[in-house]
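Proteins come first, then strands; the chains are lettered A, B, ... in the order of their sequence lines, and each starts at number 1. Just so we're clear, the structure is a prediction, and the values are computed from it rather than from any experiment.
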Amino acid sequence: MISEYIDHPKEADNFNEDFQRTTWHDETLWFIREKRDKATKSLPEWEELRDMAAAIKSNVLSNLDDYLIEFETNAIKNGIQVHWALNAEDHNKIVHNILLKHKVKKMVKSKSMLTEDCHLNQYLESKGIEVIDTDLGERIVQLDNQPPSHIVLPAIHLKKEDVGEIFHKHLGTEKGMSNPQALTETARIHLREQFLSGGAALTGVNFAIAETGGIAICTNEGNADLGVHLAPVHIASMGIEKIIPKLEHLGVFTRVLTRSATGQPITAFTSHYHGPRKGAEMHIIIVDAGRSEQLGREDFRKSLNCIRCGACMNTCPVYRRSGGHSYGYTVPGPIGSILSPGIDLKKYSSLPFASTLCGSCSDVCPVKIDIHTQLYKWRQIIAKEGKMPFAKKQGMKLMNYVFSRPSLYRLLGKVGRNVLGILPRFMMYNSLNAWGKARELPTPPKESFREWYLRNKK
Amino acid sequence: MNQREQILSAVKKNKPQSTPLPEMKLFDGQCDSILDKYVESLNKIGGTCKIIDRTEDINMIVKSQFSDLGQVATNMQEVLIANIDLKEITDPHQLEQVNIAVLHGELAVAENGAVWLEGKQIIHQAIPFITQHLILVIERENIVENMHVAYSKINIERPSYGVFIAGPSKTADIEQSLVIGAHGSRSLLVLIR
Amino acid sequence: MKVALFVPCYIDQFYPQVAIATMELLTKLGCNVDFPLNQTCCGQPMANSGCEKDAISTGMNLVANFTGYDYIVGPSGSCVLHVREHYSKLPQTKEVTKVRNNIYELSEFLTDILQIQSLEANFPFKVGLHQSCHGQRGMRLSQCSELNQPYYSKIVPLLKLVKGIELIELDRKDECCGFGGTFCVSEEAVSARMGIDRINDHIKNGAQYITAGDSSCLMHLEGLLKRKGSSVRIIHLAELLNSSIN
Ligand code: SF4
């Protein structure tokens, strides 16, 4: 059980050991945040678009069952085979069965956080099917057997030298190669072979349009399309919340998604699939995996608005200085910290505390999820359910006991200030004192304000 | 209950009270010259652009840009330099060696430089992705201001495939350095007639 | 105008000069300032740690102290915001609602209620303004860098009333300092690193003083500055607006 617990502070501490690298990580992501700022400020209607996007999503959630049925009906009319999966296991089995039917030995896959969450790759590999992640960043981390550290920029934690090393080991490039252009060219040649030999292509879904029964997929590399247009079978996996009611709503979402994600006005490719191409098959798997449950949590259902743009990660001062892996969940950063406790409260109980509640995430979010408010609310639940480290909880009780008793508070304050003044330095700044590791304590004043006030004013 | 019913009934039980859809707007009429805006946007996303007077000029332009044409595919009759007949090809894997694709786009978007292609018109959906270089031809009057207007004009016949292409394929997955030519086309030239 | 002074617990205990400055400043501006003697803490440290329930009696103590006033002013955006927003969890009696409605952060009170146009203050130094998050994104004291909105600030115009002051520009104008209440000890590594990055931004841009509307942020930044041996000092907004250094 202990190993299951994600200890964010500890992971973050490890991450921070390399000061320069932390600087680099922070600055790289801040650069993207700045590009996002510039792109959003070039649109006078930006805040209105956020309102519209949030309102559309809210309407979707409040009619989700009807929209799902509408989507299914239209998708079937388009010649798409629709499957439903309650959880990760069912999803993986459905994929496997489709692949078995077509005797697929190798599947190419574009970015899909959902399948990442389902551990689909591991599952299929255990069944003897090779899975190739075709997004460059995902391929890099896949070769190195790591999970992605960011939902839009999977390899953002790696430096070009690291990538050079990974390619040297797995793709046989020259040792020491670190030029991004050359590395990308290597990957292009390597992945072209994979595209041409893929027996099936799996993609995620950015938006599923109820009215037309089709899906939209956004990529910059063109990897989803190359995979799908060459393979005889296309499988698209989507969470139930990916629904949008009408085609015209894509006008709003395509405008906010990429501006929020990378500061581009739109992704290089925005593809609309309304059925299989001639001679091929298209499947859509609609997955629940905890989403309908989240829908029932009044305080947290808005997290299902998420369009996975990654902006909350790029802006989060904690994420930038602790790295995606420190969250131990497929979706890291602020949004991951409000999604994961709904999946496993105990395991992820440190994540809602990995925030200063500065609120920047909620302000960049294109679908206006009140992320920092939800972090606060998860904290209340974690404390109530006793999922908090015991000592901390007792400390809180004590604090309230003191603060609700004015005279006790004053007495203790006085003792505290005096103690600060007289204790030898080594006792204040030992390894147990987290404050003092990097910071000095304030010089205690001789008297509190109250004492001063009583002396001067009365 | 099968999985479908289980999911739908859980959703039905847990969904909040219905809220209305917002009224959609076009946000148009904001820019003075849609053409200028288009050219500016396209340049920003790594594409280049030429305004042509006569469709036949395409042949000359392409020849002047590529010393070695290699395999050229098109869905336009006017493109005489094409040496691959897309209609003859049955398996998209055969497009592997295509160097240049000249394709006609239905619509273009000024705010982001995107061009809308329809699967049926381009014959093989793989072609704009598998080609090394992509050349798109659009009509000046088919450039619209933004995505709202674009979606109001698009008519999705079903089943179908359609794609907005905005620039050559790119990635910044290695240390955020932008590299043009990830998996798809290495360059994009848009010709406006 | 009668005003009740709300002094957050750590200001009372560690930064009494901030409360003194607030009191003097308000008095100078013509307010009749009261200090309800049995106030302690707003309950935020507990609530932010997930123990909202445990903080209820602390909150009720605060309400009992301030219920008789039309204006309650505190030199802390963070604590004021906590009373305004999170006292929604207390029983919504007439008293609780009244206190929630009548509590103001200092710069907000000076700008929106007193609408001051001039100040007798002198501070001939280069100053960097740290935008404390709860004042910034919580109370919207000035334009937020994330939002597409026109420029405004309830703090900068006040600082500009101070003679001799030179406000410096920062590379990141409203990034969090990493204090975050118990976050500063539970996530020590990230907290310290965020603070180091903040002070370096001020140092790089030539600040001699860092000011803010929240002493909690300043305590954290001061701790880092001192450890670094930096000559840059901290000063609370109230002290700065009340200063008469020539
Ligand atoms: S929560 Fe909002 S900002 Fe974060 S990834 Fe989702 S949509 Fe983007």
Side-chain angles (χ1 to χ4, degrees), chain A residues 28 31 45 52 55-56 58-59 61-65 68 78-79 84-86 90 136-137 140 153 155 159-160 163 180-181 183-184 188 191 196 212 214 220-223 225-226 229-230 240 245 247-248 250-251 254-255 264-266 268-275 277 288 292 295-296 301, chain B residues 3-4 6-8 10-22 24 27 30 41 45 92-93 96 111-114 119 124-126 129-130 146-148 150-152 154 156 158-177 179 181-185:
Chain A
T28 309
F31 174 66
E45 64 268 32
M52 285 165 89
I56 296 167
S58 150
N59 169 271
L61 295 185
S62 68
N63 297 285
L64 189 55
D65 50 340
L68 281 166
N78 295 339
W84 300 75
L86 259 180
D90 295 327
L136 175 57
I140 294 168
L153 318 153
K159 300 195 106 169
K160 51 184 192 283
V163 178
Q181 185 89 40
L183 290 167
T184 304
R188 178 183 171 102
L191 284 166
L196 287 162
T212 62
N220 269 327
E221 299 180 7
N223 56 318
D225 287 282
L226 257 182
H229 300 321
L230 290 171
I240 53 172
L247 185 71
E248 62 174 352
L250 277 178
T254 53
R255 294 190 89 198
Q264 295 168 260
I266 191 168
F269 307 101
T270 308
S271 300
H272 305 62
Y273 292 90
H274 283 86
R277 68 166 197 277
D288 184 336
S292 63
L295 185 65
R301 62 167 62 106
Chain B
Q3 306 222 346
R4 176 182 182 276
Q6 279 184 54
I7 294 171
L8 288 173
V11 168
K12 194 175 178 137
K13 188 176 114 231
N14 290 341
K15 69 180 180 180
Q17 238 192 351
S18 181
T19 59
L21 276 172
M24 286 293 114
F27 298 104
Q30 284 182 19
S41 300
I45 55 172
H93 290 83
E96 191 192 342
E111 71 163 325
N112 54 27
H124 283 285
Q125 296 170 14
F129 299 93
I130 203 164
N146 61 35
M147 293 305 287
H148 307 291
Y151 278 110
S152 74
I154 290 172
I156 299 240
R158 291 180 281 151
S160 71
Y161 169 76
V163 59
F164 281 108
I165 296 189
S169 84
K170 51 176 91 67
T171 181
D173 273 350
I174 303 175
E175 276 203 25
Q176 277 300 290
S177 340
V179 179
H183 303 302
S185 57

A.B. asks: Can you check whether B:Phe27's main-chain N or O pairs, donor with acceptor, with B:Asn146's side chain at less than 3.5 Å?
C.D. replies: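 Side chain of B:Asn146 to backbone of B:Phe27: a pair is present.
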
A.B. asks: Where does B:Ala10 contact chain A at under 4.5 Å (heavy atoms): side chain, backbone, both or neither?
C.D. replies: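 Looking at B:Ala10, backbone and side chain both touch chain A.
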
A.B. asks: Under a 3.5 Å distance rule, please check whether B:Glu175 uses its side chain to pair with a backbone N or O of A:Pro180 as donor and acceptor.
C.D. replies: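 Side chain of B:Glu175 to backbone of A:Pro180: no pair is present.
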
A.B. asks: Top residue by heavy-atom pair count (under 4.5 Å) with chain B, among A:Val163, A:Leu196, A:Leu183, A:Thr254?
C.D. replies: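 Answer, by heavy-atom pair count under 4.5 Å with chain B: A:Leu196.
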
A.B. asks: Which atoms of B:Ile130 come close to chain A, meaning under 4.5 Å heavy atom to heavy atom: side chain ones, backbone ones, both, or neither?
C.D. replies: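 For B:Ile130, backbone and side chain are both near chain A.
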
A.B. asks: With respect to chain A, which residue among B:His124, B:His148, B:Glu96 yields the maximal number of heavy-atom pairs within a distance under 4.5 Å?
C.D. replies: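 Heavy-atom pair counts peak at B:His148.
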
A.B. asks: Can you say whether B:Pro16 sits under 4.5 Å from chain A via the side chain, the backbone, both, or neither, judging by heavy atoms?
C.D. replies: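 For B:Pro16, the contact with chain A is made by backbone and side chain together.
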
A.B. asks: Spell out, as yes or no, whether a donor-acceptor pair under 3.5 Å connects the side chain of A:Asn220 to the backbone of B:Thr171.
C.D. replies: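 Side chain of A:Asn220 to backbone of B:Thr171: no pair is present.
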
A.B. asks: Taking every heavy-atom pair that is under 4.5 Å apart, which of B:Lys12, B:Glu111, B:Gln30, B:Lys13 has the most such pairs with chain A?
C.D. replies: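 If we count pairs closer than 4.5 Å to chain A, B:Glu111 comes out on top.
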
A.B. asks: Count the heavy-atom pairs under 4.5 Å between each of A:Ser292, A:Gly79, A:Gly275 and chain B, then report the option with the highest count.
C.D. replies: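 Greatest number of close heavy-atom pairs with chain B: A:Ser292.
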
A.B. asks: Can you tell which of A:Asn223, A:Ile240, A:Asp225 has the highest number of heavy-atom pairs within less than 4.5 Å of chain B?
C.D. replies: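 It is A:Asp225.
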
A.B. asks: Nearest heavy-atom pair of A:Asn78 and A:Gly214: which atoms, and what distance?
C.D. replies: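 A:Asn78 and A:Gly214 have their closest heavy atoms at ND2-N, 4.2 Å.
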
A.B. asks: Just how far is it from atom OG1 of A:Thr212 to atom CZ of B:Arg158, taken to the nearest 0.5 Å?
C.D. replies: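 The distance works out to 6.0 Å.
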
A.B. asks: Top residue by heavy-atom pair count (under 4.5 Å) with chain B, among A:Asp65, A:Leu64, A:Asp288, A:Leu68?
C.D. replies: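 Counting heavy-atom pairs under 4.5 Å, the top option is A:Asp65.
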
A.B. asks: Contact part of B:Gln17 toward chain A, heavy-atom cut-off under 4.5 Å: side chain, backbone, both or neither?
C.D. replies: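 It is the backbone, since no side chain atom gets that close.
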
A.B. asks: For chain B, find which of A:Thr28, A:Leu191, A:Ile266 contributes the most heavy-atom pairs closer than 4.5 angstrom.
C.D. replies: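 Of the candidates given, the most pairs with chain B belong to A:Ile266.
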
A.B. asks: Could you tell me whether the side chain of A:Asn59 and the main chain of B:Thr19 form a donor-acceptor pair under 3.5 Å?
C.D. replies: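 Answer holds: yes.
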
A.B. asks: Determine the option with the most heavy-atom pairs under 4.5 angstrom with chain B, choosing from A:Lys159, A:Arg255, A:Glu248, A:Met52.
C.D. replies: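 Answer, by heavy-atom pair count under 4.5 Å with chain B: A:Arg255.
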
A.B. asks: Which residues satisfy the side-chain hydrogen bond (donor to acceptor under 3.5 Å, both in side chains) test with A:Lys160, sequence neighbours excluded?
C.D. replies: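 side-chain hydrogen bond (donor to acceptor under 3.5 Å, both in side chains) list for A:Lys160, sorted by chain: empty.
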
A.B. asks: Would you say the ring centroid of A:His272 lies under 6.0 angstrom from that of B:Tyr151?
C.D. replies: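 Yes.
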
A.B. asks: Taking side chain as everything from C-beta outward and backbone as N, CA, C, O, which of these in A:Glu221 sits under 4.5 Å from a heavy atom of chain B? Side chain, backbone, both or neither.
C.D. replies: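 Both parts, backbone and side chain.
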
A.B. asks: Would you mind checking which part of B:Ile156 comes under 4.5 Å of any heavy atom in chain A, side chain (CB onward), backbone (N, CA, C, O), both or neither?
C.D. replies: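 Side chain only.
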
A.B. asks: Identify, with sequence neighbours excluded, every residue that meets side-chain hydrogen bond (donor to acceptor under 3.5 Å, both in side chains) alongside B:Gln6.
C.D. replies: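 If we apply the side-chain hydrogen bond (donor to acceptor under 3.5 Å, both in side chains) test to B:Gln6, skipping adjacent residues, there are no hits.
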
A.B. asks: Any idea which of B:Pro159, B:Ser160, B:Ala172, B:Ser177 has the most non-hydrogen atom pairs under 4.5 angstrom with chain A?
C.D. replies: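 If we count pairs closer than 4.5 Å to chain A, B:Ser160 comes out on top.
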
A.B. asks: Please evaluate residues A:Leu250 and B:Phe164 with respect to the criterion side chain to side chain contact (heavy atoms under 4.5 Å, CB included), reporting the C-alpha separation (whole Å), side-chain torsions for both, the decisive distance (0.1 Å), and the verdict.
C.D. replies: CA-CA 12 Å; A:Leu250 277 178; B:Phe164 281 108; over 6 Å; no

A.B. asks: With only heavy atoms counted, which part of B:Ser18 is less than 4.5 Å from chain A, the side chain, the backbone, both or neither?
C.D. replies: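 Looking at B:Ser18, backbone and side chain both touch chain A.
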
A.B. asks: Could you check which of B:Pro92, B:Gly162, B:Ala126 has the highest count of heavy-atom pairs closer than 4.5 Å to chain A?
C.D. replies: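 Most heavy-atom pairs under 4.5 Å with chain A: B:Gly162.
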
A.B. asks: Find the distance between CG (A:Asp90) and CD (B:Gln3) and round it off to the nearest 0.5 Å.
C.D. replies: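 If we round to the nearest 0.5 Å, A:Asp90:CG and B:Gln3:CD are 3.5 Å apart.
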
A.B. asks: Is it the side chain or the backbone of A:Arg277 that comes within 4.5 Å of chain B heavy atoms, both, or neither?
C.D. replies: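 When you check distances to chain B, atoms from both the backbone and side chain of A:Arg277 fall under 4.5 Å.
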
